[in-house]
Structure formats: C-alpha cells, structure tokens
Amino acid sequence: MQNQSGKKQLIVITGPTAVGKTDLCIRLAKEFSTVILSADSRQFYQQMSIGTAKPGKEELAAVPHYFIGQLSIDAYYNVSMFEQQAMDLLDDLFQKHERIILTGGSGLYIDALCNGVDNFPDIDPEVRLKLKNDFAERGIEWLRDYLKQLDPEYYNIVDIHNPNRMTRAIEVCLATKKPYSQQRFGVKKTRPFEILRIALNRPREILFERIHQRTNAMIDEGLVEEVRSLLDYRHLNALNTVGYKEIFAYLDGEWTLEQAIEKIKTNTRRYAKRQITWFKRTPDYHWMHPDEYQNILDLIKQTCDA
RNA sequence: GGUACCAUAGCUCAGUAGGUAGAGCAACGGACUGAAAAUCCGUGUGUCCCUGGUUCGAUUCCGGGUGGUACCA
C-alpha cells in the first residue's frame, strides 16, 4: 500500500463551502477504512452545528472524526495551535492508518498543517484588546503610524487598509520587541508524510444553487433556535460567522427573517468565492468534480501505489 | 375599452439642454502566517423595449407598436 518513499499519505480534500466535501470524504474514508480530520475553523466549536453544516450523527458514527466540536464556544484558538495538535494527532493515527483524510474549507488551517507556520510567541489577549480599542478610538492612521514606527519594512508591504493585519504585526512587535518582518520566514516545513491535495469544485451556478438549498435546509433544521441559544456569546469571534451574524440581526429586529436568509446566501456565496481564490494560488491542487469518484480514487491509489 | 405615467446594467433607479451612459446592491477578479466562515483591495459587465420620422448625428425630440403600473369605465 505504501509508495516508494515508504511514507504515509495525507489526502487533503478541500473546496468551497457546500461543494460536497463531507459526502465524498465519508465515502473515501470507508473505502480506505480510515479516519477524517477536519480543518474547518467553525466546525471546531461544539455549540455551532446547524450553521456550520457539521457532519450529521450518522456520518460521525460511520467514520471517526477529529477536530469536530472539540472546542467550547468561548475557547481561544488559533492556527498555530491547530498545526501542533494536528501534527501530534497524525503522528499517532499514522501508526494505524496508511492514509488519512484531511477535509474542510479553511485554507489557512490546511496550509498550516501542510506547510507549517512561523513561530511567534503567544500574545497576551489584553494587548490585542487594547490595540483594538485604540484603533476604534483613534482610527486607522494611528494604526499605520504605530506600525510604521515599530516595523517600517512590514509597513511597506502590508495592506494599510486592513486593520487586522496591522494589529497583528504590532502585537507581535510589542510582544517580542523585534520587528514582525524579521520573524516571518515563510519557510515550508517538511512533513513525515506525503500530501495529496484535491480541491473540489462545481460550475458556479450549481454551487450557488446548492448554497441556496443548504441555507433553506439549515433554517428548516432550526438554525434560528441554535443562534438564539448563543445570544449570550455573540461578541465572541467564533460567532462572527456567516449564518450566525445575520440571524443575530434578525433577532435584533434589524432584518426580517427573509432578509436575513437572503443575506446568509449572499455572504455564503462570497465566502465560497474567497475560498476558491485562496485554493487557486496553491498549484499543487488537483481540481476535481465531487462526482468523479472513480477518478479521485484512481488519483489517490496512483499516487500511493506508484 | 379610455386616460395618465413608466420602459436605461442581473435588481432598484439616476442621467444625457441631441454627440452611444452611471450610482447603490448583486456579480466578477484579487490579497492573505495565531481573528481566516475573519479582514481587506480592485473591476461597469449595457441592442438605453421595438419600429418609423426629424437631424450630420436619436437612448434623449415626434408618431406608431408592444409590455407594465395606476386611475376611469
């Protein structure tokens, strides 16, 4: 079953939201009697199920899943923690499996596991909070000036319209007392396993139709109630999420339910577009249609049995 | 059936004192290293309903047609 190098294989199955990743992965996992790791930054949260289109009970029972619902809604989490935990877990799981499936739509998380991310110290949450407040009070010019002073090199390449990017750089500078740009290496880490990257896609029109249908299904399954039960946590980052923020606006009386549903569909379409843009820049992806099961199977076997 | 008003981008609409047109939303393209379903940047994609007339030139003015809306019958 192993390839020439004797390495195990991580099969990455990604693609835009609603393309059909879950169904395909369940089928593949059964075929290879293996397990599924999720790289979906919102399905991590225990209390977010309907709105994140988590795999259903039957699916979770059929194949062991990891990184689904392992976090409480108020837990802090980041991509570096994911990299570490997933690497540790893979180390263990590859003892028993030749192939393991990684699926999900969070491109940053997938890339962190495949390529690694640079090492930065943990940042005191108070620092970020203070920067956030200062920015709200003093505006983006202040943020720019601050960054320019701490790290002129990064200032020159950063998107100076993007507060999140600049805030991140500043907090690293403050925590390390060194410019952020001098700690960004972007070196690709080598992994002790082979990685096969597959990106699923469908004609745009069809994808959008699926988003439309799936959003309606979420409402039928009780999305409004799920969101209502999370009202106390609405300020948390985890809930700054398509499908949740729109329903909050409905519960606030800002939009009708119909308006909120339309907004969810629109924002989901945009999210799907951003995902596709992200995946396109990694040339390793084999772009496949989710229905090409045999071709996907052949690709996996070919890569591994070669 | 009559009268009035309307017909411009995917949608809602603005505009052109006659020189082939522009906003919002949608859409499309892009960026991305601990917030990533986040955050941010860029792009107008058009038989100006059809058809005659006037004019060097009509989306714009005039006539007719078609469709829609409102009111009157």
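Just so it is clear, the values below take in all heavy atoms, side chains as well, and ignore hydrogens, waters and symmetry mates. Naming convention: chains lettered A, B, ... in sequence-line order (proteins, then strands); numbering from 1 in each chain.
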Side-chain atoms of A:T277 come closest, of B:A31, B:C28, B:G34, to B:A31

Nearest to the side chain of A:F208, heavy atoms from C-beta on, is which of B:G34, B:C28, B:A35?
B:C28

From the set B:A35, B:G34, B:C41, return the single nucleotide nearest to any side-chain atom of A:F120.
B:G34

State yes or no: do A:L108 and A:I123 share one hydrophobic cluster built from I, L, V, M, F, W and Y residues joined by side-chain heavy-atom distances below 4.5 Å, directly or via other members?
no

Using the side-chain heavy atoms of A:V242, tell me which of these nucleotides is nearest: B:A27, B:A38, B:G34.
B:A38

Complementary nucleotide for B:C40 - Watson-Crick or wobble, under 3.5 Å:
B:G30

Would you mind telling me which of B:C40, B:A38, B:G34 lies closest to the side-chain atoms of A:R42?
B:A38

Is there a donor on the side chain of A:R165 or the base of B:A38 sitting less than 3.5 Å from an acceptor on the other?
yes

Whether A:Y77 and A:F82 hold their rings parallel, tilted or perpendicular, with breakpoints at 30° and 60°
perpendicular

Watson-Crick/G-U partner (both atom distances under 3.5 Å) of B:G18:
none

Please figure out whether A:R281 or A:N162 has its closest RNA chain B nucleotide nearer the 5' end.
A:R281

Examine B:A31: is either OP1 or OP2 under 4.0 Å from a nitrogen or oxygen in the side chain of A:K280? Give yes or no.
no

Could you identify the nucleotide paired to B:G1, looking across every strand shown and requiring Watson-Crick or G-U wobble geometry with both distances under 3.5 Å?
B:C72

Should A:K245 be listed as having a side-chain N or O under 4.0 Å from OP1 or OP2 of B:A38?
yes

Closest-nucleotide 5' rank along RNA chain B - winner of A:G105 and A:N119
A:N119

Considering only side-chain heavy atoms of A:S41, which listed nucleotide, B:C40, B:C28, B:A37, is closest?
B:A37

Out of B:G34, B:C28, B:A37, which nucleotide sits closest to the side chain of A:R128?
B:G34

For B:G63, which nucleotide in any strand shown is its Watson-Crick or wobble partner with both distances under 3.5 Å?
B:U51

Nearest of B:A36, B:A37, B:A27 to any side-chain atom of A:D40?
B:A37

So which nucleotide from B:A27, B:A37, B:A35 ends up closest to the side chain of A:T266?
B:A27

With syn defined as a glycosidic angle within 90° of 0 and anti as the rest, where does B:G34 land?
syn

Could you measure between the two P atoms, the one in B:A9 and the one in B:C72, and give it in whole Å?
32 Å

For B:U54 versus B:U60, give the span between their P atoms, rounded off to a whole number of Å.
15 Å

A:R168 side-chain proximity, nearest of B:C40, B:G34, B:A37:
B:G34

Is there a donor and acceptor pair, one atom on the side chain of A:N164 and one on the base of B:U39, closer than 3.5 Å?
no

Side chain to side chain donor-acceptor pair (under 3.5 Å), that's the test. Do A:N78 and A:Y76 meet it? Break it down for me.
CA-CA 7 Å; A:N78 65 47; A:Y76 174 73; 3.3 Å; yes

